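Values in this document were obtained by computation on a predicted structure and should not be read as measured data. All values below were derived from every heavy atom in this structure, side-chain atoms included, with hydrogens, water molecules and symmetry-related copies excluded. Counting convention: from 1, in listed order, for ligands and their atoms alike.
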Amino acid sequence: MTRSDLLGALGAIVGSAAVVTDAHSLEPHLVDWRREYHGSALAMVCPASTAEVSAVLAACTQAGVCVTPQGGNTGLCAGAIPRDGVLLNLRRMNRIVQVDAEGHAMTVEAGAVLADIQRAARDHGRLFPLSLGAEGSCQIGGNIATNAGGMNVLRYGNTRELVLGLKVVLPDGEVWDGLRSLRKDNRGYDLKQLFIGSEGTLGVITEAVLRLFPQTPQSAVAVVAVPSCAAALELLARLQRRSGNGVSAYELIDRACVDAVARHDAQYRSLLEQATPWYVLLELAGAGPDGALQDLLEQQLGEALEQELVVDAVIAQSLSDAGRLWAMRHLIPEAVRGFASVLRSDIALPAARVADFVEQAQGAVGRMRPTGTVLCFGHLGDGNLHFNVVDADEDRSWVHPLSQALYDLVAEHGGSFSAEHGVGQAKVAELAQYKSAVEMALMRRLKAALDPDNRMNPGKVLAAG
Ligand code: FAD
Ligand code: ZN
């Protein structure tokens, strides 16, 4: 099949307006959020149903053309940036299909935007707890394909824990309908788990059944200054105990991040009177009588202040106060983006190793890039840190050696070089380096079994060939 035959066939399936080939319209879809990876594609195709996705994949199989699925293109490892072939964008498949409030389940199409899903759950008196900085534009299909984490993992788990069923189109166009809301189902292998976190390399997710939760009408939010990472972890353990696991978010932020955000937005300049190296943005959430969580938090932080576990604290007094504190946290990735050269990381460590790791990693930065500034923030409650190093100099030659040194350190502590952003095309070499030979061989066998011609998002996660 020639290129123009394929484009004609795709136009017949999705409608010619949904086959995009002009360079200007394609451009934003061929560069990643950080503007570090640029790709190319024959065309961007925007199907409107599972049947259309299936027909597109069958046509691409016939033409021997590869396919890269794309959601909101907010992924941080450039997994959705195609190298060639067809870019399959799910934006037209954005329907909330059904909300079953009684059954605590919701059926959605893969292109539904996360914030719309949260809103639909709320409108039905329920909570869909997945929450991350990109929620206004990322899609649930992308969240599932990357097993996204975010702010509420501590309490509700990663996306993997929030998915009950999936509908997936396999690379040759066959449809697997696993769209179920069962809480228990042990009929053999749990196939949906294979597609969750597979970053578009095994098939296209087209629909999902999501778990919903009761709403948590009460919440209490604070930013606290702590003397060390170890103190932050001790405070978390204490708050969990005294609130009956009521901590829903526990975000570590270092001083340099607060300073970087304050340069972006002056209102955060005088956030806290006491300057310390570390801060925590924390939230308690639950039901119960009005103000009870607020009282509990005030009392616990008062005690922690007396014992010098906490150096200073600001407790939100209103919803808008709480929103302002959270906005500060959400500004951090944007603030990191503003530097000339950046080392980014997304690492996970066993909780007991976090404080040692940070100290050793800071030492490595001091030795290998003394002019660099550490900007460390992350989901401390999950042992997940974004340990970033920035520099005003455009020269990036220091980034690779230092990131290797940090990943070696992560491995020594039994951690992961990719906690939540995945592998995409940015971390293919690291995957091969740090996963065992047995794990790599198993992954290759699974990939070959589902996608024998390597046409689903080739070169992502696993190196081509
Ligand atoms: P895309 O970027 O479009 O795609 C991501 C991957 O999924 C690609 O490999 C793509 O091929 C694949 N894919 C997309 N849709 C499908 C589908 N329907 N079927 C099969 N494969 C598909 N992540 C976190 O985990 N936690 C955070 O706290 C967090 N914060 C972020 C904050 C900001 C400001 C930004 C920009 C990103 C953040 N992320 C975070 C990254 C996160 O992975 C993405 O935001 C999100 O999960 C990706 O969704 P997307 O729709 O943009 O997917
Ligand atoms: Zn994160």
Side-chain angles (χ1 to χ4, degrees), residues 28-29 31-35 37 39 47 50 53 57 66-82 87-94 108-115 117 130-153 158-160 166-171 195-208 249 251-253 329-337 344-348 376-382 384-388 418-427 456-461:
H29 299 278
V31 61
D32 71 310
W33 188 80
R34 288 176 176 152
R35 310 197 72 79
Y37 290 82
T50 298
V53 174
L57 264 58
C66 60
V67 176
T68 298
Q70 186 176 75
N73 195 17
T74 68
L76 297 178
C77 289
I81 302 304
L87 177 60
L88 189 86
N89 187 298
L90 279 293
R91 67 185 178 199
R92 289 175 70 207
M93 295 183 61
N94 61 357
V108 296
E109 288 185 329
V113 170
L114 177 55
I117 292 175
L130 184 65
S131 170
L132 42 102
E135 63 200 24
S137 46
C138 63
Q139 301 175 2
I140 193 67
N143 301 144
I144 295 170
T146 57
N147 184 29
M151 315 295 168
N152 291 328
V153 173
N158 288 304
T159 304
R160 191 178 294 287
L166 285 183
K167 191 180 277 187
V168 177
V169 180
L170 302 173
F195 296 98
I196 302 173
S198 67
E199 300 183 56
T201 62
L202 300 178
V204 181
I205 297 158
T206 57
E207 281 186 63
E251 299 284 308
L252 183 74
I253 303 170
R329 166 64 183 84
H330 289 310
L331 269 174
I332 298 174
E334 202 55 58
V336 175
R337 238 180 8 164
R344 291 189 174 84
S345 76
D346 161 39
I347 57 178
C376 180
F377 64 98
H379 320 288
L380 185 63
D382 318 318
N384 174 194
L385 297 182
H386 301 303
F387 189 94
N388 303 316
S418 178
E420 57 178 8
H421 299 160
V423 176
Q425 55 182 304
K427 293 182 182 158
M456 278 308 304
N457 213 358
K460 313 295 169 59
V461 185

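For residues 134-145, the set of pairs meeting the salt bridge (Lys or Arg N to Asp or Glu O under 4.0 Å) definition, not counting sequence neighbours, is empty.
Neighbouring protein atoms of the Zn ion (ligand 2) (N, O or S, distance under 2.8 Å, waters ignored): H379 NE2, H386 NE2, E420 OE2.
Nearest to atom 35 (C) of ligand 1 by heavy-atom distance, out of G75, G79, A134, A112, is A134.
In E334, neither the side chain nor the backbone holds a heavy atom less than 4.0 Å from any atom of ligand 1. At a heavy-atom distance under 4.0 Å, no atom of H330 approaches ligand 1. Of all the heavy atoms of T146, the ones lying under 4.0 Å from any atom of ligand 1 belong exclusively to the side chain.
Close approach to N457 involves these atoms of ligand 1, each under 4.0 Å from a residue heavy atom: 9 (O), 11 (O). Each of the atoms 18 (N) of ligand 1 lies under 4.0 Å from some heavy atom of L90. For ligand 1, the atoms lying closer than 4.0 Å to a non-hydrogen atom of N143 are 46 (C), 47 (O), 49 (O).
Contact between G150 and ligand 1 is present, with at least one heavy atom of the residue lying under 4.0 Å from the ligand.
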Side-chain atoms of residues 140-150: list all donor-acceptor pairs with protein atoms under 3.5 Å, sequence neighbours left out, distances to 0.1 Å.
residue, atom, partner, partner atom, Å
T146, OG1, G142, O, 2.8
T146, OG1, N143, O, 3.4
N147, OD1, T159, N, 3.4
N147, OD1, R160, N, 2.8

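Scored by the side chain to side chain contact (heavy atoms under 4.5 Å, CB included) test, V153 finds N158, D382 as partners (sequence neighbours excluded).
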